[in-house]
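Note sheet for the following structure.
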Amino acid sequence: MPELPEVETTRRGISPYLIGHRIERLVVREPRLRWRIPASLPRKLARQTVRNVQRRAKYLILELDDGHLLCHLGMSGSLRIVEPASPPRKHDHYDIVLDSGKALRLHDPRRFGALIWTANPNTHALIKNLGPEPWDATAEYLHQRARGHKQSIKNFITDSRTLAGVGNIYAVEALFKAGIHPKRPAGRLSLERYQALLKAVVKVLERSIKMGGTTLRDFVSADGEPGYFRQVLSVYEREGEPCRRCQTPIRRVVLTARSTYFCPHCQH
DNA sequence: ACACTAACCTGCAAGC
DNA sequence: TGCTTGCAGGTTAGTG
C-alpha cells in the first residue's frame with residue numbers, strides 16, 4: 001500500500017486522537033508482523049502518554065514519555081481510529097487503546113508492517129541510513145550521489161538511502177512529469193534534469209497528500225476513507241492506455257521485479 | 001561498495 | 001465451479 005502520501009495522510013488523521021492522550025493498554029491479537037511484536041510491549045506502553053506523532057520516510061513515529069514507537073504499514077497496512085469494542089476483522093493485529101475511549105487499530109493482511117519500540121529512533125537501524133525527505137533534498141545532492149552509478153534512475157530514486165519515502169507509484173509518476181525514461185542510468189543525467197526531477201517528485205507527493213493519497217486496492221485513512229489520487233495518475237497502472245499528453249500508448253516494463261510505466265514518446 | 005535476487009505474506013483477478 | 005498462475009503500495013538479508 002502505502003507510500004509517503006498515504007503514511008502522511010494517516011499521520012494527519014490519527015494525530016488529533018493520539019497527541020496528549022494516555023495509552024491505557026496495547027491489545028495484540030496477531031503478533032506476527034515483519035517482526036513479531038514482543039510479548040513485553042504491552043507492559044512497556046501502558047500508562048504512557050503520546051507526546052507527538054511524526055513521520056520519517058514511511059515510518060510513523062509516536063513519541064512517548066519514555067522512548068518512541070515505530071509503526072510501519074508495509075504493503076497492505078492501514079491504521080484506523082475505532083471504538084475498542086468494535087469487533088475485530090481478520091488481520092486486525094493490534095489495538096492501542098487510549099484514555100479517550102478510542103483505539104488505534106492496525107489492519108495488515110500481508111503482515112509486512114511493523115511495531116517496534118526504540119529509545120532513540122535516530123540511531124535505530126531502520127532509520128539511521130535513510131536519505132533525506134524529498135523536501136529537504138537538493139538536486140546537487142542527487143546529481144553528486146548518482147555520479148558513477150549505472151543503475152536506472154528509477155531504482156536510484158526508490159532506494160531509501162538516496163531519498164526517503166519514494167515508492168513505486170510516485171517514482172514512476174514523477175519520472176513521467178520530468179520527462180525522464182525510467183531506465184536511464186542515474187549517473188548520466190544532468191544537474192538540470194535532477195532539478196526537474198526533484199521538483200516533480202515533490203509536486204507529485206504534495207498533490208497526492210492533498211487528495212488523501214492513492215487507494216489502489218485497500219488503503220484507507222484513519223477515518224476509513226480511501227484516497228483519490230488514483231484518478232489522476234498519469235502512467236501508473238495505465239499500460240496500453242493513451243498518454244494524457246500525446247496519446248501514445250503507455251508502456252510497462254519490469255525493473256527489479258517492479259512494474260514500471262512510462263510514455264515512450266514523452267520520456268527519454 | 002555496489003547491484004541484483006529472493007524472501008517475507010495474503011488476497012484477488014484472470015485464465016484454463 | 002474450481003484449480004493454477006501471476007501480481008500487488010515495502011524492505012531486508014543474502015549473494016556474487
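Letters A, B, ... mirror the listed sequences (proteins, then strands); counts begin at 1.
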Atom-pair distance ([atom1] on [X]; [atom2] on [N]), nearest Å:
{"X": "A/H72", "N": "C/dT12", "atom1": "NE2", "atom2": "C1'", "result": "11 Å"}
{"X": "A/L126", "N": "C/dA13", "atom1": "CG", "atom2": "C1'", "result": "13 Å"}
{"X": "A/L70", "N": "C/dT11", "atom1": "CG", "atom2": "C1'", "result": "14 Å"}
{"X": "A/R147", "N": "B/dC2", "atom1": "CZ", "atom2": "C1'", "result": "17 Å"}
{"X": "A/F229", "N": "C/dG9", "atom1": "CZ", "atom2": "C1'", "result": "14 Å"}
{"X": "A/I169", "N": "C/dA8", "atom1": "CD1", "atom2": "P", "result": "11 Å"}
{"X": "A/Y170", "N": "C/dG9", "atom1": "OH", "atom2": "C1'", "result": "9 Å"}
{"X": "A/R217", "N": "C/dC7", "atom1": "CZ", "atom2": "C1'", "result": "8 Å"}

Earlier contact from the 5' end, DNA chain C, for A/A125 and A/R252: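 Here A/R252 is the residue nearer the 5' end.
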
Output side-chain donor-acceptor pairs under 3.5 Å for residues 193-209 of chain A, partner residues at least two apart or in another chain, one line each.
from	atom 1	to	atom 2	distance (Å)
A/R193	NH1	A/H268	O	3.4
A/R193	NH2	A/G179	O	3.0
A/R193	NH2	A/H268	O	3.2
A/Y194	OH	A/A186	O	2.7
A/E206	OE2	A/W135	NE1	3.0
A/S208	OG	A/Y170	OH	2.7

Side chain to side chain donor-acceptor pair (under 3.5 Å) involving A/S152 - partner list, sequence neighbours excluded: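 If we apply the side chain to side chain donor-acceptor pair (under 3.5 Å) test to A/S152, skipping adjacent residues, there are no hits.
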
SB check A/R51 A/D65 (cutoff 4.0 Å):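 Answer for the salt bridge query: yes.
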
Distance below 4.0 Å between A/S160 side-chain N/O and C/dT11 OP1 or OP2: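 For C/dT11, OP1/OP2 do not have a side-chain N/O of A/S160 under 4.0 Å.
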
Side-chain N,O (A/K58) to OP1/OP2 (C/dT11) below 4.0 Å: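 Answer yes for this pair, as a side-chain N or O of A/K58 is under 4.0 Å from OP1 or OP2.
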
Integer angstrom distance from the [atom1] of [N] to that of [M]:
{"N": "C/dG14", "M": "B/dC9", "atom1": "P", "answer": "15 Å"}
{"N": "B/dA3", "M": "C/dG9", "atom1": "P", "answer": "22 Å"}
{"N": "B/dA1", "M": "C/dT11", "atom1": "P", "answer": "23 Å"}

Residue pair A/P134 / A/L4: nearest heavy atoms and the distance that separates them: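 That closest heavy-atom pairing would be CD-CD1, 4.2 Å.
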
Touch class at under 4.0 angstrom, heavy-atom based, for A/T158 against every strand present: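 Counting heavy atoms under 4.0 Å across all strands, no contact is made by A/T158.
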
Touch class at under 4.0 angstrom, heavy-atom based, for A/Y236 against every strand present: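 Counting heavy atoms under 4.0 Å across all strands, the contact made by A/Y236 is with sugar-phosphate only.
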
Watson-Crick or G-U counterpart of B/dT10, or none if no pair lies under 3.5 Å: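 Answer to the pairing question: C/dA8, which forms a Watson-Crick or G-U pair with B/dT10.
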
Strand partner of B/dC4, provided both Watson-Crick or wobble distances fall under 3.5 Å: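 Partner of B/dC4: C/dG14.
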
Sub-4.5 Å side-chain heavy-atom contact between A/R145 and A/F156: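 SC-SC contact between A/R145 and A/F156 confirmed.
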
Between OG1 on residue A/T10 and CD1 on residue A/I14, distance to nearest 0.5 Å: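 Separation between the atoms: 7.0 Å.
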
cation_pi(A/R230, A/F219) dist<6.0 Å, angle<=45: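 Relative to the ring axis of A/F219, which defines the angle, A/R230 lies outside at least one limit.
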
Under 3.5 Å: donor-acceptor pair, side chain of A/Q54, backbone of A/L62: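 No; judged by distance alone, with no hydrogens or angles, the pair does not exist.
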
Out of C/dT12, C/dC7, C/dG9, whichever nucleotide has its closest atom nearest the side chain of A/W35: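 Looking only at heavy atoms from C-beta outward on A/W35, the closest nucleotide is C/dT12.
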
Taking only N/O atoms, report every protein-nucleotides 6-10 of chain B pair under 3.5 Å with atom names and distance.
from	atom 1	to	atom 2	distance (Å)
B/dC8	O2	A/R34	NH1	3.3
B/dC9	O2	A/R110	NE	3.0
B/dT10	OP1	A/R111	NH2	3.0
B/dT10	O4'	A/P109	O	3.3
B/dT10	O3'	A/H91	NE2	2.9

